[in-house]
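Heavy atoms only: backbone and side chains are in, while hydrogens, waters and symmetry mates are out. Every number for a ligand or one of its atoms is a count from 1 in the order of the listing.
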Amino acid sequence: MPSVTEIRSKAGSEPITMLTAYDAPTARLVDDAGMDIILVGDSMGNAVLGHESTLPVTVEETESHTAAVARAVEDALIVADMPFLSFGKDMSESIHNCGRMLKEADADAVKLESGPHTIDLTERLTQLGIPVMAHLGLTPQRVNELGGYTRQGTTEDAAQEIIDLARAHEEAGAFSLILEHVPANLAAHVTDELDIPTIGIGAGPDCDGQVLVFHDAVGLSDWTPPFATTFGDVKGEIENALDKYVDAVETGTFPAEEHSHTEETLDELY
Ligand SMILES: Nc1nc(=O)c2c([nH]1)NC[C@@H]1CN(c3ccc(C(=O)N[C@@H](CCC(=O)O)C(=O)O)cc3)CN21
Ligand SMILES: CC(C)C(=O)C(=O)O
Ligand SMILES: [Mg+2]
C-alpha cells in the first residue's frame with residue numbers, strides 16, 4: 001500500500017498513475033492494474049449518479065462510495081474527493097467531514113478543490129493526520145462562477161495566482177497537487193517549483209503524474225472533456241452483450257438445458 005510519503009517521494013522520479021473509481025468491482029480492476037492512487041471523485045455526480053454537475057454530491061454519497069472502494073482495494077492509495085460545501089465554510093465542520101472519510105470510509109487522504117480559503121484548512125488537517133491533496137486550475141465546483149469548464153491560468157495574472165496558491169498549499173502541508181485544464185508550460189513550471197508531486201488532467205505531459213475519470217479512460221462516457229483520451233470501448237462491449245442477451249431471451253436460446261434443473265417427482269404433479 002503506497003503511503004502519502006511514498007507518493008510524495010515520487011516527485012521528479014517515477015510517473016504517478018491515478019484514476020477514479022466509485023464502486024468495489026471497478027476499484028478492484030483499477031487496483032489490479034497497478035494504479036498508484038484511486039480517487040473517489042465527486043465526478044461521480046455526472047459519471048454515475050446522473051447529475052449534470054458535481055455540485056449535488058453529498059458527504060454521505062462520498063462516504064458510501066469511498067467505503068465501497070476501500071473494501072475492494074489492496075494496494076492503491078485511496079483519496080476521497082470532498083464534495084461541494086462539505087469544507088471551507090467552517091473549520092470545525094470541515095474537519096468533521098474530512099475526518100469521516102478516514103474514520104468511517106477507510107480513505108487514506110482527502111482532496112480539496114483549493115483556493116485562498118483552503119490554506120489554513122489544509123494546514124490544520126495535515127496537523128491532525130488527515131493528508132490533503134490540493135487541486136488548482138479548473139475546479140469544477142466553481143462552475144457557476146466560471147461560467148463553464150473553461151481553461152484556467154491562461155493570463156499572466158491567473159497563472160501567477162495558481163503558482164502562488166500551489167506554493168501556499170505545499171507550505172500548508174499538502175502531499176500532492178492536482179492541476180486541471182491549465183497550459184502545459186504553466187504546469188511544467190509549477191512542477192519544477194514544487195517539491196510535492198503534481199498530477200495533471202488537461203495539464204500537459206510534464207506533471208509528475210496523470211489522472212483521468214474511469215469512464216472517460218475506458219470508453220464508457222457519453223461525452224469526454226477535450227483533454228481526455230479513451231483507451232478502450234467498454235460502452236461498445238456492454239452494448240454488444242446487452243443486444244445478445246435481449247436476442248437470446250427473445251429467441252428462446254437462453255436459458256439452455258445446462259442453465260435449468262428439473263425434479264422428477266414433480267413430473268407426476270404438473
Ligand atoms: N466524466 C467526467 N470527466 C471529467 O474529466 C470531469 C467530469 N466528468 N466531471 C467534473 C469535471 C468537469 N470536467 C470538464 C468538463 C468539460 C470540459 C470542456 O468541455 N471544456 C471545453 C469547453 C469549455 C466551455 O467553454 O464551457 C474546453 O474547450 O475547455 C472540461 C472539463 C472535468 N471533470
Ligand atoms: C478529475 C479529478 C481530478 C476529479 O476531481 C474528479 O474526478 O472528481
Ligand atoms: Mg473532483
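Ser43 and Tyr22 share a donor-acceptor pair across their side chains, judged by distance under 3.5 Å alone. In the model, Asp216 has a side-chain atom that pairs as donor or acceptor with a side-chain atom of Ser221 under 3.5 Å. Side-chain polar atoms of Asp36 and Thr17 form a donor-acceptor pair below 3.5 angstrom. Counting only N and O atoms by type, the side chains of Gln152 and Thr150 include a donor and acceptor under 3.5 Å apart.
Salt-bridge annotation for Glu93 and Lys89: present, with a side-chain N of the basic residue lying under 4.0 Å from a carboxylate O of the acidic one. Of the charged side-chain nitrogens involved, none lies within less than 4.0 Å of a carboxylate oxygen, so that Asp195 and Arg8 do not count as a salt-bridged pair. A salt bridge between Glu113 and Arg142 is absent, with no side-chain N of the basic residue lying under 4.0 Å from a carboxylate O of the acidic one. We find that Glu239 and Lys235 are joined by a salt bridge, their nearest charged nitrogen and carboxylate oxygen being less than 4.0 Å apart.
Residue Thr20 approaches ligand 2 through these ligand atoms, each under 4.0 Å from one of its heavy atoms: 7 (O). In summary, the atoms of ligand 1 found under 4.0 Å from a heavy atom of Thr150, numbered by their order in the structure, are 24 (C), 25 (O). Listed by number with element, the atoms of ligand 1 under 4.0 angstrom from any heavy atom of Leu138 are 31 (C). Atoms of ligand 2 lying under 4.0 Å from at least one heavy atom of Gly41, given by number and element, are 6 (C), 7 (O), 8 (O). Less than 4.0 angstrom separates some heavy atom of Thr54 from each of these atoms of ligand 1: 10 (C). Numbered from 1 in the order shown, with element, the atoms of ligand 2 that lie under 4.0 Å from a heavy atom of Asp81 read 4 (C), 5 (O), 6 (C), 8 (O).
In terms of modelled atom types and a separation under 3.5 Å, the side chain of Glu170 and the main chain of Ile196 share a donor-acceptor contact. Panel note: side chain Asp208, backbone Thr198; a donor-acceptor pair is recorded below 3.5 Å.
Side-chain contact between Leu177 and His135 is absent, with no heavy atoms from C-beta onward closer than 4.5 Å. Between Tyr149 and Ser53, the closest side-chain pair of non-hydrogen atoms falls below 4.5 Å. Proximity of Lys111 to Ile178: side-chain heavy atoms (C-beta onward) are separated by under 4.5 Å at one or more points.
Some N or O of Lys111 is nearer than 3.5 Å to an N or O of ligand 2, by distance alone. Looking at Tyr149 next to ligand 1, an N or O pair under 3.5 Å apart turns up. Not one N or O of Tyr22 is nearer than 3.5 Å to an N or O of ligand 2, by distance alone. Checked against a 3.5 angstrom limit, the closest N/O atoms of Glu180 and ligand 2 fall outside it. Checked by distance only, ligand 1 and Asn46 come closer than 3.5 Å through their nitrogen or oxygen atoms. Geometrically, ligand 1 and Asp216 share a nitrogen or oxygen pair separated by less than 3.5 Å.
Phe87 and His96 have their aromatic ring centers separated by at least 6.0 angstrom. Taking the six-membered ring for Trp and the full ring otherwise, the centers of His181 and Phe227 sit less than 6.0 Å from each other.
Remark: minimum distance from atom 18 (C) of ligand 1 to any protein heavy atom is reached at Pro226 CD, 3.4 Å. Protein heavy atom in closest approach to atom 32 (C) of ligand 1: Glu180 OE2, 3.2 Å. Of all protein heavy atoms, the one closest to atom 5 (O) of ligand 1 is Pro225 CG, 3.2 Å. Here the heavy atom of the protein found nearest to atom 6 (C) of ligand 1 is Val213 CG2, 4.1 Å.
Contacts between Phe214 and ligand 1, counted as non-hydrogen atom pairs separated by less than 4.0 Å, are absent for every part of the residue. Contacts with ligand 2 closer than 4.0 Å are made by side-chain heavy atoms of Leu39 only, the backbone lying farther away. Under 4.0 angstrom from ligand 2, the non-hydrogen atoms of Ile201 all belong to its side chain. When heavy-atom distances to ligand 1 are checked against a 4.0 Å cut-off, Asp42 has no atom that comes that close, whether in backbone or side chain. Under 4.0 angstrom from ligand 1, there are no non-hydrogen atoms of Ala47. The residue Leu212 has no part lying near ligand 1, judged by heavy-atom distances below 4.0 Å. Residue contacts with ligand 2, taken as heavy atom pairs separated by less than 4.0 Å, involve Asp42 via backbone and side-chain atoms alike. Counting heavy atoms closer than 4.0 Å to ligand 2, residue Glu113 contributes nothing at all.
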Next item on the list: Apply side chain to side chain contact (heavy atoms under 4.5 Å, CB included) to Trp223 and Asn46, showing your working.
Entry: CA-CA 11 Å; Trp223 61 271; Asn46 50 283; 3.8 Å; yes

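The one candidate from Val57, Asp81, Leu49 that meets the side-chain contact (heavy atoms from CB on, under 4.5 Å) condition with His65 is Leu49.
The residue among Pro140, Pro225, Ser43 with a heavy atom at the shortest distance from atom 6 (C) of ligand 2 is Ser43. Which of Arg151, His181, His215 comes nearest to atom 29 (O) of ligand 1 through a heavy atom is settled by distance: it is His181.
Using 4.0 Å as the threshold, Met44 has no heavy atom nearer than that to any atom of ligand 2. Ligand 1 has at least one atom lying under 4.0 Å from a heavy atom of Pro140.
The Mg ion (ligand 3) has Asp81 among its coordinating residues (N/O/S atom, backbone or side chain, under 2.8 Å).
Taking the N/O/S atoms of Asp42 in turn, the shortest distance to the Mg ion (ligand 3) belongs to OD1.
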